[in-house]
Protein chains: 2
Amino acid sequence: MRFSHQREIILEILKEARDHPTADIVLNRARKKIPNISFGTVYRNLNQLEESNLITSYNFDGAHHYDGNLSPHHHFYCNKCSTIIDLPIDDPIISHELIQKFDLSVEGIELSLYGHCSNCK
Amino acid sequence: MRFSHQREIILEILKEARDHPTADIVLNRARKKIPNISFGTVYRNLNQLEESNLITSYNFDGAHHYDGNLSPHHHFYCNKCSTIIDLPIDDPIISHELIQKFDLSVEGIELSLYGHCSNCK
DNA sequence: TCATAAGTAGGAATAATTCCTACTTATATA
DNA sequence: TATATAAGTAGGAATTATTCCTACTTATGA
């Protein structure tokens, strides 16, 4: 993967973002710096960046959300305002015995909590 | 929500399924019993059944998977053969302190593990 | 048994994502 | 530094999953 201005901008947007943007939101932000960047370019680069483990992504409500925060963390999704809150991991969340029982090699974990955040109670 | 033959068949398919089918797979199975059931009917009923808490669903790899197993469970997703394995929940998986700290009301939890299953090592 | 509101089939519309093509650019190397 | 070339891009077409629309059918309460 060689250097490209478009990819740098997209990576920068995700490193700065705190709101887990979808592809079309990334496109809107990128257009502020590269006015005629295309949807194809955004999708291609998001996929490449994810394959190279420079960003990550996950699904919520049928939409694909991208994240430049690579430190392992959980997510809380507010069912009312759609806010996504990053939750730190500081407890073991699944037992070693269970993994052994099913004979799995676990390469990634994604825990999602759904409900109402403090603003929406 | 009143009785319909189509909805009964779709619910039956999901109650019998052990493979977390997507909407198009549900359609294929339903066609064996109702040859000209339509995509619209399948989607409408999947949404209605989920709203009525008779089935549940979750996203993997961008695809929407439906599940008639309502007992709370985790999922393991094999990155190689795409098998999905149901994992029982028998440990607390997140601390009460963390929930209190962020002042969340948690209504649902979804934990997904990714990796290779015993067949694919 | 009948009125009617809910449900259906079939296909059109929409939205998210990928694909295609001709043009542009980063970069290895001569 | 010049240049060949493979990777990247813009713009738009194609694809895919899902929802919407319309005229017809059916479950159900009275």
Side-chain angles (χ1 to χ4, degrees), chain A residues 1-14 17 19-68 77 79 82 84 112, chain B residues 1-14 17 19-68 77 79 82 84 112:
Chain A
M1 192 165 68
R2 71 187 199 191
F3 172 85
S4 97
H5 180 48
Q6 285 82 346
R7 190 180 299 125
E8 287 299 295
I9 294 295
I10 289 169
L11 182 55
E12 191 182 296
I13 286 167
L14 285 169
D19 60 347
H20 315 80
T22 55
D24 65 320
I25 292 172
V26 173
L27 177 69
N28 288 339
R29 292 181 193 169
R31 287 231 159 114
K32 288 178 187 160
K33 301 201 173 183
I34 308 175
N36 55 353
I37 190 171
S38 68
F39 242 126
T41 296
V42 169
Y43 275 108
R44 181 169 13 82
N45 280 306
L46 288 172
N47 287 339
Q48 284 172 332
L49 289 169
E50 187 167 15
E51 262 181 43
S52 306
N53 295 308
L54 294 169
I55 64 172
T56 183
S57 78
Y58 39 85
N59 275 94
F60 173 51
D61 260 354
H64 215 160
H65 295 263
Y66 292 91
D67 194 348
Y77 301 92
N79 286 330
S82 296
I84 302 173
S112 305
Chain B
M1 192 166 64
R2 71 187 200 192
F3 172 86
S4 97
H5 180 47
Q6 286 82 346
R7 188 181 299 125
E8 286 300 295
I9 294 295
I10 289 169
L11 182 55
E12 192 182 297
I13 286 167
L14 286 170
D19 60 347
H20 314 80
T22 54
D24 65 322
I25 292 173
V26 173
L27 177 69
N28 287 339
R29 290 181 194 169
R31 287 232 159 112
K32 288 177 184 159
K33 302 202 171 182
I34 308 174
N36 55 353
I37 190 172
S38 68
F39 243 125
T41 296
V42 170
Y43 275 108
R44 181 170 12 81
N45 280 306
L46 287 173
N47 288 338
Q48 284 173 332
L49 290 169
E50 188 168 13
E51 262 181 42
S52 307
N53 294 310
L54 294 169
I55 64 172
T56 183
S57 76
Y58 45 93
N59 274 95
F60 259 132
D61 262 356
H64 215 161
H65 295 263
Y66 291 91
D67 195 348
Y77 182 79
N79 285 331
S82 295
I84 300 172
S112 304

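Order of the sequence lines sets the chain letters (A, B, ...), proteins ahead of strands, with each chain counted from 1.
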Apply the test side chain to side chain contact (heavy atoms under 4.5 Å, CB included) to residues B:L54 and B:L14: give CA-CA distance (whole Å), side-chain angles for both, the deciding distance (0.1 Å), then the verdict. CA-CA 10 Å; B:L54 294 169; B:L14 286 170; over 6 Å; no

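- Across all strands, A:D24 comes closer than 4.0 Å to no nucleic acid atom at all (heavy-atom distances).
- In the model, A:Q6 has no side-chain atom that pairs as donor or acceptor with a side-chain atom of A:T41 under 3.5 Å.
- Sequence order on DNA chain C of the closest nucleotides to A:G40 and B:S38 puts B:S38 first from the 5' end.
- Residue B:L46 contributes atom CG, which lies 13 Å from atom C1' of D:dA17 at whole-angstrom precision.
- Within 4.0 Å of B:R7, counting heavy atoms only, lie sugar-phosphate atoms of the nucleic acid but no base atom.
- Taking only side-chain nitrogens and oxygens, B:Y43 comes nearer than 4.0 Å to OP1 or OP2 of D:dT18.
- At whole-Å resolution of the value, NE2 in A:H65 and C1' in C:dT17 are 15 Å apart.
- Remark: P of C:dA26 and CD of A:Q48 are 15 Å apart, rounded to the nearest angstrom.
- Between A:F39 atom CZ and D:dG11 atom C1' the separation is 13 Å, expressed in whole Å.
- When distances are taken from the side chain of B:Q6 to each of C:dG7, D:dA10, C:dT8, the shortest belongs to C:dT8.
- Here the C1' atom of nucleotide D:dT19 and the CZ atom of B:R44 are 11 Å apart, to the nearest Å.
- For the pair A:R7 (side chain) and A:R2 (backbone), a donor-acceptor distance under 3.5 Å is present.
- A donor-acceptor contact shorter than 3.5 Å is absent between the side chain of B:H20 and the backbone of B:H65.
- Under 3.5 Å, the side chain of A:R2 and the base of C:dT25 form at least one donor-acceptor pair of N or O atoms.
- Between the C1' atom of D:dG8 and the CG atom of A:N36 lies a distance of 14 Å, rounded to the nearest Å.
- Toward the 5' end of DNA chain D, the nearer of the two residues B:A23 and B:F3, judged by each one's closest nucleotide, is B:A23.
- In this model, the phosphate group of D:dT9 is approached by a side-chain N or O of A:S4 to a distance below 4.0 Å at OP1 or OP2.
- To the nearest angstrom, C1' of D:dT18 lies 16 Å from CD1 of B:I25.
- The side chain of A:N47 places no N or O atom within less than 4.0 Å of a non-bridging phosphate oxygen (OP1 or OP2) of C:dT17.
- A side-chain contact (heavy atoms from CB on, under 4.5 Å) with B:V26 holds for exactly one of B:I37, B:N45, B:V42; it is B:V42.
- The separation between B:L49 atom CG and C:dG7 atom P is 11 Å, rounded to whole Å.
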